[in-house]
Structure formats: structure tokens, C-alpha cells
Amino acid sequence: FKYSTGITSFNSAFYGCVSLTSTGNATFSGCSNVSVNGFNNTFYNCTLLTTIDDDTFNGCENVTSFSGVFSNTSITYIGERAFANCNAMTTTIKNSISNDLTYVGDEAFANCTLMTSLLEFFINKTSLTSIGNNVFSNCTSITVISGIFSNCSSLTTIGNNVFSVCVSITDASSIFSNCSSLTTIGDEIFSGCTSTNNFYRAFYKCISLTEIPISLFKYNTSYSTYCFQETFSNCVLLTSIPSDLFMNNNRLLDFSSTF
């Protein structure tokens with residue numbers, strides 16, 4: 001159905017296809033005239049469906065809700081650009097994501113400019129091992145990402161620019177807390193997050209983390225006085241702090257519990 005701009009609804013299109021395991025690459029990509037709720041129950045009761053492939057809904061720019069698309073499925077893999085450029089999306093697939101989720105691909109939700117909250121979106125996904133680059137890049141209306149990847153105990157790698165240009169985020173507390181296998185933080189994951197003022201316990205108990213990228217807080221200047229409380233607390237393998245890590249944060253007064 002790629003670039004089928006004349007179609008306005010795929011409601012119940014694959015309802016009850018119980019042997020279906022994946023959505024297929026770019027299946028609905030560029031279907032720019034699908035209506036606001038035009039994917040209701042599209043994959044409902046596809047009980048073996050685990051994979052949302054690359055570009056599946058890329059560019060479905062009028063759809064506001066994907067909440068019922070994958071009812072009674074268990075999604076374990078979200079491909080690259082799976083929901084990218086869904087500019088009107090406000091309601092996501094949070095309740096359909098299995099605790100066995102293993103991967104979130106590059107730009108999976110990039111340019112979804114009307115999403116406002118990712119509170120605990122992927123919390124307790126204990127099989128998740130990797131987050132791609134630019135996953136939420138340019139999601140300019142998101143204000144809260146607290147706890148989004150908290151307790152993802154198998155997560156080892158965070159890609160580059162994951163939240164870049166998310167200019168409205170204010171609260172990034174506990175986003176990777178208790179990610180006990182985390183070893184790699186990508187470059188500039190908060191680039192352009194100019195409103196963020198709370199990193200409380202953001203990397204708390206990341207007990208495998210040995211290195212902090214120098215660019216981690218490079219572009220963040222809206223910090224409150226105590227916004228780094230316990231940010232890296234109990235990161236027991238950290239042995240050094242990069243020079244200039246907090247170079248743009250001249251309003252900060254207290255780092256007593258940061259590490």
C-alpha cells in the first residue's frame with residue numbers, strides 16, 4: 001500500500017490474521033491521507049505478530065491515534081522509522097509493547113511533533129538491548145520523558161541523538177535508572193533539549209557504565225540549581241568525569257550527590 005494516497009482507512013484490514021508475524025517493510029509508508037483513526041484494529045488479534053518493520057507507518061501524517069492498531073499482539077521489535085513523520089500522532093502503542101521488546105530502531109518515532117509525553121514508555125522492558133540513533137529526534141512537543149527506559153536491565157547501548165531537538169522536554173528524571181547492563185551512551189543524546197532542567201537519577205545504578213561522553217549535556221542551558229542530584233549515583237565503575245561535561249551550566253550550585 002506504499003504511497004496509496006487515495007486510501008483513507010485500513011480499519012481491521014488484517015484483523016485476526018493469526019499466523020502473521022510481521023507488518024512488512026513500508027506497508028503503509030506515505031499513506032498521507034489515512035484519516036485520524038484510520039488504523040483502528042488493523043492488526044487486532046494477530047496473536048503471533050511481534051515485529052513492526054522498517055517504515056511501516058512512515059509519513060502517515062494525519063493519523064492521531066495508533067492505540068488500537070496492535071490490540072492482542074505482543075510487539076518485541078520496532079524497526080527503523082516505523083512511525084517517523086506521523087506528525088499528528090498523539091496516542092502511541094505503549095500498551096501493545098511486550099515486556100520482551102528487544103530493539104527500537106533508528107528514527108522510530110522521529111518528527112512526531114505532537115506527542116507530548118513518554119512517561120515510563122519502555123519501563124521494565126528487561127529484554128531490550130539496544131536503542132537506535134535519533135529515535136525521538138525532533139519530537140518538539142514532548143515535555144516529559146521521566147522513567148522512559150527505567151529498569152531495562154539488558155540495555156547495553158544508547159544510540160546517538162536519541163532526543164535531539166526535543167525542545168520542550170523539561171523532566172528527564174530516572175530515564176535510564178537501573179539499566180544495570182548499560183555500557184555505551186551515544187553522542188549528544190540531549191542535543192537541542194534546551195528546556196530540560198531535571199536529570200534526577202537519570203543514570204542511577206547504571207553499574208556497568210564506565211564512561212560518560214563529553215557531549216552529554218553540551219547543549220543544555222536551562223538547568224535548575226539542583227537538577228543533577230544523584231544523576232550518576234551508584235555507577236560503581238565510573239572512574240573519571242570528562243572535562244567540560246558541565247561547561248554551559250553556570251547556574252548550578254550543588255554537585256554533592258551527582259556521583
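All values reported here derive from a predicted model rather than from experimental measurement. Values below: all heavy atoms of this structure, side chains included; hydrogens, waters and symmetry mates excluded.
- Ring pair Phe39/Phe28: centre-to-centre distance below 6.0 Å.
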Quick one, Phe246 with Phe255, criterion ring pair (Phe, Tyr, Trp, His ring centres under 6.0 Å). Give me CA distance, side-chain angles, the key distance, then yes/no.
CA-CA 10 Å; Phe246 302 105; Phe255 290 94; 4.8 Å; yes

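- Heavy-atom contacts from other residues, nucleotides or ligands closer than 6.0 Å to CZ of Phe1 number 12 or fewer.
- Ring geometry for Phe217 against Phe228 counts as perpendicular: the plane angle is over 60°, on a 0 to 90° scale with 30° as the lower cut.
- Expressed to the nearest 0.5 Å, how far OG1 of Thr157 lies from CG of Leu182 amounts to 7.5 Å.
- Partner Asn138 forms a side-chain hydrogen bond (donor to acceptor under 3.5 Å, both in side chains) with one of Asn111, Thr113, Asn85, Asn161 and no other, that one being Asn111.
- Using bins of under 30°, 30° to 60° and over 60° for the plane-to-plane angle, the ring pair Phe70/Phe57 lands in the perpendicular bin.
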Between Thr184 and Thr156, is the side-chain contact (heavy atoms from CB on, under 4.5 Å) condition met? List the steps.
CA-CA 6 Å; Thr184 304; Thr156 61; over 6 Å; no

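- Crowding of Lys2 atom NZ: a count of heavy atoms from other residues, nucleotides or ligands under 6.0 Å not exceeding 12.
- Residues passing the side chain to side chain contact (heavy atoms under 4.5 Å, CB included) test with Thr8, sequence neighbours excluded: none.
- For residues 24-40, the set of pairs meeting the side-chain hydrogen bond (donor to acceptor under 3.5 Å, both in side chains) definition, not counting sequence neighbours, is empty.
- Put simply, the side chain of Ser98 gets close to the backbone of Asp100: a donor and an acceptor are under 3.5 Å apart.
- Glu230 and Arg201 are joined by a salt bridge, as a carboxylate oxygen and a charged side-chain nitrogen come within less than 4.0 angstrom of each other.
- Taking the six-membered ring for Trp and thresholds of 30 and 60 degrees, Phe83 and Phe66 have ring planes more than 60 degrees apart, a perpendicular arrangement.
- Taking Ile, Leu, Val, Met, Phe, Trp and Tyr as hydrophobic and joining them when side-chain heavy atoms fall under 4.5 Å apart, one finds Val167 in a cluster with Val165.
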